[in-house]
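Please read the structure below before turning to the comments.
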Protein chains: 2
Amino acid sequence: MAQSSQKINMADVARAAGVSMATASRALNNDYGVSEATRRRVLAVAEELSYVVSPEASRLAGGATGRVAVVVPHISRWFFAALLEGLESVLRAADLDVLLYHVDGIEDRHDFFRRLPARRKVDAVVVLAFPVGEEEQRRLELMGVTIIAAGGQHAPYPNVSIDDETAGRQAMDHLLFLGHRRIAMIAAVDPDQPDEVQPSGRSNAYYSALRDAGIPVDERLVVTVDWGGDQGADAMAKLLSQPEPPTAVYAHSDEVALGAIRTLRRAGLRIPDDISVIGIDDHPVAELTDLTTVRQPVREQGERAGRMLLDILRGEETEHDVVVPTQLVIRGSTAPPRG
Amino acid sequence: MAQSSQKINMADVARAAGVSMATASRALNNDYGVSEATRRRVLAVAEELSYVVSPEASRLAGGATGRVAVVVPHISRWFFAALLEGLESVLRAADLDVLLYHVDGIEDRHDFFRRLPARRKVDAVVVLAFPVGEEEQRRLELMGVTIIAAGGQHAPYPNVSIDDETAGRQAMDHLLFLGHRRIAMIAAVDPDQPDEVQPSGRSNAYYSALRDAGIPVDERLVVTVDWGGDQGADAMAKLLSQPEPPTAVYAHSDEVALGAIRTLRRAGLRIPDDISVIGIDDHPVAELTDLTTVRQPVREQGERAGRMLLDILRGEETEHDVVVPTQLVIRGSTAPPRG
DNA sequence: TTCGGGAACGGAAACGCTTCCGAAACGACC
DNA sequence: GGTCGTTTCGGAAGCGTTTCCGTTCCCGAA
């Protein structure tokens, strides 16, 4: 009895409601051309029989898939997950299903673009925080569906992101304003992404800020590491091993900054008394650890991308390059240099 | 030319390969009953035409959907995302697509179980870190597909999880071993889950450990808050406002512990000199902040659940209640009490 | 040479819907 | 009352596969 519900199809509903399948279909889809009374009756019967349309048949017969693929690396990192969370919420509200493709590591990546597992399965694909190379773009377009990007840098498709360089400047300018002149940078790169697509805005900000402040660049103060807290810690150790350590550290991300802080603390240095540290992102942990940072609205970027996608799917126009603002958040990890 | 690939179907492939659709289908699916030569020819033609089967038609005609629904709350928290990451990796390796249902908040939850949006769309559903009530179970079963759980507590379906009580005991026993007698507990509940399904193992561990140590319970040392770092901070403040504060704090999770630590630091207290703090989970940040904790293998739980699901989908037997071990990880936030 | 049996393959019926097109019904208007 | 325009509704043709049944073909055994 309960499991018989499995086999109920639209024909059953139509019959039970005393209408044709055509009418049943229209009623179920809220289509035009059904009287209110009939619609209600059909809906009631469907509910009664706990009928659910077969998305496969529906799609096969002409509709859209009602699915969108989301391609995202590093899901277990807050930034990516938050982006996804925002995106998912608006898509789900629009009754679209999210097909998740977690592409981690260079291997996965190649495999994804080669096989295009989402092909023929979705109406659109959203690329989250994922700089796409040229060849990859070409593959993606092979799918013949709408493409949207979010959280990465600009892209050939409609996209939403922050301005990395501006964010970096907000961090650097804060340190400079406090009076720091010997500022180190811990640059983080994603080892899973090819070099040519690594965003460089946050690094550019370092150099342009120093230039504008008339401070010569000391390349010994710049260390580039793979993304990650431990790597940040190592980088800090390297910086501390120099004859003249910095008075402030600008890290490309909060996690990296946290790693640096661990090293400082273990070295017996006090923050911000002995050395200032600033990150970027405003990771939830930043608040818990009193880390000064530059906040970017992450969830919002995902939501925004979702709304843009809905626009396009509806056939409407949408913006192309949306840049959301970032904002300095001053906490306890930065202060003027000693003396 | 490129976009014409959109409209290629199996009939085209069959024609081009000079076989019937039946044979083409068998060849494409590696089915029995096709000569090696024919199979190769069909495959070559398909590749040439860059043909991809329509999953809808395929499913409609009899196959499985090749999709599994994953229901998960709080995606942007590490624990949930890591679980998902593990699960996704094994499902994707098996060529199954993951349909993500992020169910956050009580509202979402009701909506999900009422509408069952995944109905008729998947071959199975995996419930991640999500205690399911009885009525909800009934709804879920209405979908008529395999159900698996992971990261939550035991469930009526095959599931994998840690033993919360054991994990809690590992934490408590560590503090007791160090010589603490005045131990506080910051219990965290998920405000988005109904009371009746809140797991209580971590709390039970507190009481049983004290009992076994012959230490009377002081209810003023137990504070229950909604899950979250800020809430942990508030809880700690409450504990500090008492005439006789604890010498150690057992927090239900690392994030909560971190919040507590922020309060302690702001109060000028030193960790672990003045007060010890221990969490549970081994969140990546725990390592960066030198937090002693009890590690649970999160990603592995997801992977394990994925493998169990594959077993079932293949029609094989699988385990029912898998419990993965937890392990004390001693870092710098715990030490014997002063004096 | 004939016959039986298995492997290889083809025809065609589902699968469950959407939508085009035409028919019927129903008012409104002259 | 007849005509015409709207609505409302039904018939039926797909949509692109899988799979059930046969049929053909080839090879070895009798």
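So that the names make sense, note that chain A is the first sequence line, chain B the second, and so on, each numbered from 1. Treat the numbers as computed from the prediction; the structure is a model and nothing was measured.
For D/dT18, one of the phosphate oxygens OP1 or OP2 lies less than 4.0 angstrom from a side-chain nitrogen or oxygen of B/S25. Side-chain N/O atoms of B/R15 include none lying less than 4.0 angstrom from OP1 or OP2 on C/dG10. Between A/T23 and D/dT8 there is no side-chain polar atom (N or O) within less than 4.0 angstrom of OP1 or OP2. Applying the 4.0 Å criterion to OP1 and OP2 of C/dC9, one finds that B/Y32 has every side-chain N and O outside that range. For the pair A/N9 and C/dC15, the criterion of a side-chain N or O lying under 4.0 Å from OP1 or OP2 is not met. For the OP1/OP2 pair of D/dT8 and a distance below 4.0 Å, the side-chain nitrogens and oxygens of A/R41 include no atom meeting the criterion. Contact between the side-chain N/O atoms of A/T38 and the OP1/OP2 oxygens of D/dT8 is not found at any separation under 4.0 Å. Look at B/S20 and you'll find a side-chain N or O under 4.0 angstrom from OP1 or OP2 of C/dG10.
Closest to the side chain of B/A57, from the set D/dT17, C/dT18, D/dT18, is D/dT17. For B/A22, the side-chain atoms get nearest to C/dG11 when compared with the rest of D/dT17, C/dG11, D/dC15.
Between the P atom of D/dT18 and the CG atom of B/L28 lies a distance of 7 Å, rounded to the nearest Å. Taking atom CD of residue B/E56 and atom C1' of nucleotide D/dG14, one finds them 16 Å apart after rounding to whole Å. For the pair A/D31 CG and C/dC17 C1', the interatomic distance rounds to 13 Å; values are reported in whole Å. A/M10 places its CE atom 15 Å from the C1' atom of D/dA12, with the value rounded to the nearest Å. The distance between atom CZ of A/R39 and atom P of D/dC9, rounded to the nearest whole Å, is 10 Å. Spacing between atom CG of A/N30 and atom P of C/dT19 amounts to 14 Å, rounded to whole angstrom units. Atom CZ of A/R120 is separated from atom P of D/dC15 by 13 Å (rounded to the nearest Å). Going from atom CG of B/D12 over to atom P of D/dC15 covers 11 Å, rounded to whole Å.
Nucleic acid contact for B/R26: base, since at least one base atom lies under 4.0 Å from a heavy atom of the residue. The residue A/S58 sits close only to the backbone: its heavy atoms come under 4.0 Å of sugar-phosphate atoms, none of a base.
Of the two residues contacting DNA chain C, namely B/A61 and B/E36, the nearest-nucleotide position lying further toward the 5' end is that of B/E36. Along DNA chain C, the nucleotide nearest A/M21 and the nucleotide nearest B/V19 are compared for position; the residue whose nucleotide lies closer to the 5' end is B/V19.
For CD of A/E134, the number of neighbouring non-hydrogen atoms (other residues, nucleotides, ligands) closer than 6.0 Å is 12 at most.
Rounding to the nearest 0.5 angstrom, the gap separating the CZ atom in B/R67 from the NZ atom in B/K121 is 9.0 Å. For the atom pair A/R26 CZ and A/S35 OG, the distance stands at 11.0 Å (nearest 0.5 Å).
When atom types are taken as modelled, the side chain of A/D190 and the backbone of A/D192 share a donor-acceptor pair closer than 3.5 angstrom.
Contact of the B/R92 side chain with the A/L100 side chain is not registered, since no non-hydrogen atoms from C-beta on lie closer than 4.5 Å.
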Query raised in the report: Please walk me through it: do B/V42 and B/L28 pass side-chain contact (heavy atoms from CB on, under 4.5 Å)?
Result: CA-CA 7 Å; B/V42 172; B/L28 260 356; 4.1 Å; yes

